[in-house]
Amino acid sequence: MINVSVDVSELKSFVQNLPQIKDQIFELMQLDIRKASSEYLGMLMNMELALFLGRDRYERKGLVSTTSRNYRNGFYQRTFAIKNLGDLSIRVPRDRLGEFKTSVLPKYDRIDPAIKSDAMLMYFLGMSTRSLSLISTRLFGRKISHSLLSEHSAELHEKVEGWRVRPITDEIKYLYVDGTYFTMRTTDSIEKVCVLVVIGVDKNGHKHIIALQAGDKESASNWRELFKDLKSRGLDGSKVELGI
């Protein structure tokens with residue numbers, strides 16, 4: 001047990017100065033949290049490596065034949081940005097044969113997916129890439145580059161497009177059909193765009209958004225193309241009892 005003696009006058013002076021030094025206290029707390037988080041991740045990866053090698057550090061007994069010639073081989077430093085913490089400097093352990101792959105950190109990513117999602121949300125809500133890049137360090141503890149936004153935007157677009165053109169496997173009884181306006185980013189500007197929407201109700205009464213497509217809601221040709229697309233994706237028109 002460590003005995004800590006506190007001088008009352010020093011403590012009183014410290015408390016009186018709290019309003020002036022509170023920002024520094026929070027900064028020190030953040031540094032301590034980042035350091036503890038980095039050490040925790042390093043500890044997890046060291047445990048992973050011990051399981052991979054079949055033995056702990058400095059242990060020589062009970063070696064598994066496939067890994068008996070493999071040993072720890074120091075570490076390398078890697079940065080990884082985590083939401084609300086910022087950049088962490090992490091010691092990643094290595095093995096001599098280069099066979100160990102940690103599952104704690106993504107192999108190639110250097111940034112928490114949660115940060116990417118938040119940045120993309122702000123981008124789609126209308127914030128320019130320049131403005132986002134300027135404030136990202138303040139908000140996320142890591143600068144968000146234009147190339148990262150473009151890359152993540154492409155990934156997101158691919159997933160959304162995959163969902164939008166997915167096969168229609170449910171038996172649809174009712175259709176709600178209308179056009180509505182959404183505020184969207186188009187290249188470098190924010191505009192209101194008309195979107196044709198089709199909601200299907202299956203035989204169990206569950207609603208599904210089965211179509212989202214930009215188009216003029218007063219255009220018969222736009223609606224014709226949309227329903228051709230629905231048919232090609234598997235919508236059985238003979239099962240539809242009512243369209244609204």
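Keep in mind that the numbers below use all heavy atoms, side chains included, and drop hydrogens, waters and symmetry copies.
- For the pair Ile82/Leu41, a side-chain contact is recorded, criterion being any heavy-atom separation below 4.5 Å from C-beta on.
- Counting heavy atoms from C-beta on, the side chains of Val240 and Lys173 never come closer than 4.5 Å.
- Residues Ser37 and Leu88 come closest through the heavy atom pair CB-CD1, 3.9 Å.
- Residue pairs meeting the side chain to side chain donor-acceptor pair (under 3.5 Å) criterion with at least one member in residues 234-244, sequence neighbours excluded: Asp236-Ser238.
- Residues Phe75 and Ile90 are not in side-chain contact: their nearest non-hydrogen atoms beyond the backbone lie 4.5 Å or more apart.
- Under the 4.5 Å side-chain criterion, counting only non-hydrogen atoms from C-beta, Val195 is not in contact with Gln213.
- Of all heavy-atom pairs between Arg166 and Ile209, the closest is NH2-O, 2.6 Å.
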**Request:** Show your reasoning for whether side-chain hydrogen bond (donor to acceptor under 3.5 Å, both in side chains) applies to Arg72 and Asn46.
**Result:** CA-CA 10 Å; Arg72 292 174 178 269; Asn46 274 304; 3.1 Å; yes
**Request:** Let me see the working for Asp95 and Asn70 under side-chain hydrogen bond (donor to acceptor under 3.5 Å, both in side chains), right down to the final yes or no.
**Result:** CA-CA 7 Å; Asp95 63 311; Asn70 203 358; 2.8 Å; yes
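- With rounding to the nearest 0.5 Å, the separation of CD1 in Ile111 from OG1 in Thr79 is 10.0 Å.
- Between Glu191 and Thr183, every side-chain heavy-atom pair lies at or beyond the 4.5 Å cut-off.
- At a threshold of 4.5 Å between non-hydrogen side-chain atoms, the residues Lys217 and Cys194 count as touching.
- Note that the CG atom of Leu175 and the CG atom of Leu230 stand 7.5 Å from one another [nearest 0.5 Å].
- Not a single side chain to side chain donor-acceptor pair (under 3.5 Å) links Glu218 to another residue, sequence neighbours left out.
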**Request:** Determine, stepwise, if the pair Arg91 / Glu39 fulfils side-chain contact (heavy atoms from CB on, under 4.5 Å).
**Result:** CA-CA 8 Å; Arg91 291 161 59 105; Glu39 292 174 352; over 6 Å; no
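- For the pair Arg96 and Tyr71, the NZ or CZ position fails the cation-pi test of under 6.0 Å to the six-membered ring centre and within 45 degrees of the ring normal.
- The number of heavy-atom neighbours closer than 6.0 Å to CE of Met43, taken from other residues, nucleotides and ligands shown, is above 12.
- Evaluation of the ring pair (Phe, Tyr, Trp, His ring centres under 6.0 Å) rule for Phe80 yields no partner, not counting sequence neighbours.
- Nearest heavy-atom pair across Phe227 and Val177 is CZ-CG2, 4.1 Å.
- Atom CZ of Arg94 is surrounded by more than 12 heavy atoms from other residues, nucleotides or ligands within 6.0 Å.
- More than 12 heavy atoms of other residues, nucleotides or ligands sit less than 6.0 Å from atom CD of Gln77.
- Val104 approaches Glu48 most closely through the heavy-atom pair CG2-OE1, 3.4 Å.
- A cation-pi contact, defined as under 6.0 Å to the ring centre and within 45° of the axis, links Lys207 to Tyr176.
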